[in-house]
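Reckoned from all heavy atoms, side chains included, excluding hydrogens, waters and symmetry mates. Remember, it's a predicted structure, so these values are computed and weren't measured experimentally. Index from 1, following the sequence.
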Amino acid sequence: MSANKRKNLNTMEVDPNNDDSSSSDDDDDEQHPDAYRGNEEVQIDFEGRAPIDPDAQGISQLLQRLFLRAHINCNQMADLLIAQNYVGSVICQCEDDGAESETDDDNMVEDGTIFGITSVLNLSAKKDQPSIAQLRTYLQERAKGHATEQVQQQLRELLDNEQRHVGLLINERFINIPAQISVPLLQNLQQEIVAAKAKKMKFDFGTLLLLVKFYRKEAKKGKPAEDHYTNAEDELLSERAKFSFEYSVASECDSGMSGDWLEGDAVMTPYRKLVALEGNKLPQLIKDVQSFINGE
């Protein structure tokens, strides 16, 4: 796929009060200080396209939002994602090919803003790349402190298996972008994976790992704890996992987005969850995500 190939997405109304993702406002305020923070809806035409060199900073910021204070070189990982521009998409504002004047909504968005990225990295073939080596170490260290012995062993076996490669599924975007946008992005990714495999590229994954962001509303007054996923589709994907483990990242958040915070009278704590998905089930998972988002 050429680096300038566009994958048009539907017009989206960005609602700052969207319940699907509002729980991560503090996190994103820190990572994206220039993002729109008004109180009214803004209508923006998004498009998906292959990542290019000028996207590096925006992609790195999205990765930093995911990994927080982990010792992972997000800049180098962003470069890896851009280098494989035949697989994966970034979300950006549609370019106006006409001569019409800009709208107020257009002026609220900084030129070149990367609103999201959907892609995959081969954690087996690229294991010697610094950022991938750091990520592999990070995941195994987290597993030691938060996963069962069985899950730790499963993760070790996955990462050590040279025959069946493991991919890191990356599905990150700004808050308040509706979950519906994930469907065409994931569909495009699946098509690009199939095309890359046909060319004997190393995109034949036995397992896909996905690091999910969510907030937990702690149990109180007889009410059970509730999990609120930053990306709505991650709830469905978590349910489809062959194994998973989770951990709090409250201690990794800066003071400006302090770990525990209040929603009404309930404490909300930021978490990450590592989800392991069957690689060959990605097409069905995408169909399930579409049905889940559409409420079917």
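Side-chain N/O atoms of Gln93 and Thr113 include no donor and acceptor closer than 3.5 Å. At a cut-off of 3.5 Å, with distance as the only test, no side-chain donor of Gln150 or Gln154 sits close to an acceptor on the other residue.
The backbone N or O of Leu158 lies less than 3.5 Å from no partner atom in the side chain of Arg164, so there is not a single donor-acceptor pair. Here the side chain of Ser182 pairs a donor or acceptor atom with the backbone of Ala179 at under 3.5 angstrom. Looking at Thr118, its side chain never comes within 3.5 Å of a backbone N or O of Leu185 through a donor-acceptor pair. For Asn161 (side chain) and Glu157 (main-chain N/O), no donor-acceptor pair under 3.5 Å exists by modelled atom type. At least one donor-acceptor pair closer than 3.5 Å links the side chain of Thr137 to the backbone N or O of Ala133.
Nearest approach of Ser131 to Asn73, heavy atoms of both residues: CB-O, 3.4 Å. Across all their heavy atoms, Arg173 and Pro178 have their closest contact at NE-O, 4.1 Å.
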TODO: Kindly determine whether Ser60 and Asn75 satisfy side chain to side chain donor-acceptor pair (under 3.5 Å), including the steps that lead there.
DONE: CA-CA 5 Å; Ser60 179; Asn75 291 332; 2.7 Å; yes
Open item on the list: ring pair (Phe, Tyr, Trp, His ring centres under 6.0 Å), that's the test. Do Phe115 and Phe46 meet it? Break it down for me.
Closed with: CA-CA 9 Å; Phe115 292 90; Phe46 290 123; 5.0 Å; yes
TODO: Apply side chain to side chain donor-acceptor pair (under 3.5 Å) to Glu233 and Asn171, showing your working.
DONE: CA-CA 10 Å; Glu233 67 273 16; Asn171 185 39; 2.7 Å; yes
Open item on the list: Under the criterion salt bridge (charged side-chain N to carboxylate O under 4.0 Å, His left out), I'd like the reasoning laid out for Arg272 against Glu246: C-alpha separation, chi angles, the key distance, then a yes or no.
Closed with: CA-CA 6 Å; Arg272 297 292 183 268; Glu246 63 189 43; over 6 Å; no
Open item on the list: Between Thr269 and Glu218, is the side chain to side chain donor-acceptor pair (under 3.5 Å) condition met? List the steps.
Closed with: CA-CA 8 Å; Thr269 304; Glu218 303 298 345; 3.1 Å; yes
Open item on the list: Gln284 vs Asp288, test: side chain to side chain donor-acceptor pair (under 3.5 Å). Steps then yes/no.
Closed with: CA-CA 6 Å; Gln284 183 59 50; Asp288 292 344; 2.9 Å; yes
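Enclosure of atom CD in Glu239 by more than 12 non-hydrogen atoms of other residues, nucleotides or ligands within 6.0 angstrom is indicated. More than 12 heavy atoms of other residues, nucleotides or ligands lie within 6.0 Å of NZ in Lys242, so this atom counts as buried by the packing criterion. Enclosure of atom NZ in Lys202 is not indicated, since only 12 or fewer non-hydrogen atoms of other residues, nucleotides or ligands lie within 6.0 angstrom.
Of the residues Val275, Leu277, Leu210, the one that meets the side-chain contact (heavy atoms from CB on, under 4.5 Å) test with Ser238 is Val275.
Between Asp234 and Lys213, none of the side-chain N atoms (NZ, or NE/NH1/NH2) sits under 4.0 Å from a carboxylate O, so this pair counts as no salt bridge. With respect to the salt-bridge test (charged N to carboxylate O, under 4.0 angstrom), the residues Glu226 and Arg216 do not qualify. Salt bridge Lys127/Glu162: present, at least one basic N to carboxylate O contact under 4.0 Å. A salt bridge links Arg49 with Asp55; the closest basic N to acidic carboxylate O contact falls under 4.0 Å.
Contact annotation: the side chain of Phe214 approaches that of Lys273 to within less than 4.5 Å [non-hydrogen atoms, C-beta and beyond]. Considering only heavy atoms from C-beta on, Phe203 stays 4.5 Å or farther from Asn122 through its side chain. At a threshold of 4.5 Å between non-hydrogen side-chain atoms, the residues Glu149 and Gln152 count as touching. Side-chain atoms of Ile52 and Ile82, non-hydrogen and from C-beta on, never get closer than 4.5 Å to each other. Side-chain atoms of Ile193 and Leu189, non-hydrogen and from C-beta on, do get closer than 4.5 Å to each other. With a 4.5 Å cut-off on side-chain heavy atoms, Gln84 and Lys126 count as touching. Residues Val120 and Val87 are in side-chain contact: their nearest non-hydrogen atoms beyond the backbone lie under 4.5 Å apart. Residues Leu274 and Leu155 are in side-chain contact: their nearest non-hydrogen atoms beyond the backbone lie under 4.5 Å apart.
Here CG of Leu237 is found 6.0 Å from CG of Leu285. Values are rounded to the nearest 0.5 Å.
Using the six-membered ring where Trp is involved, Tyr247 and His146 have ring planes that are tilted, between 30° and 60° apart.
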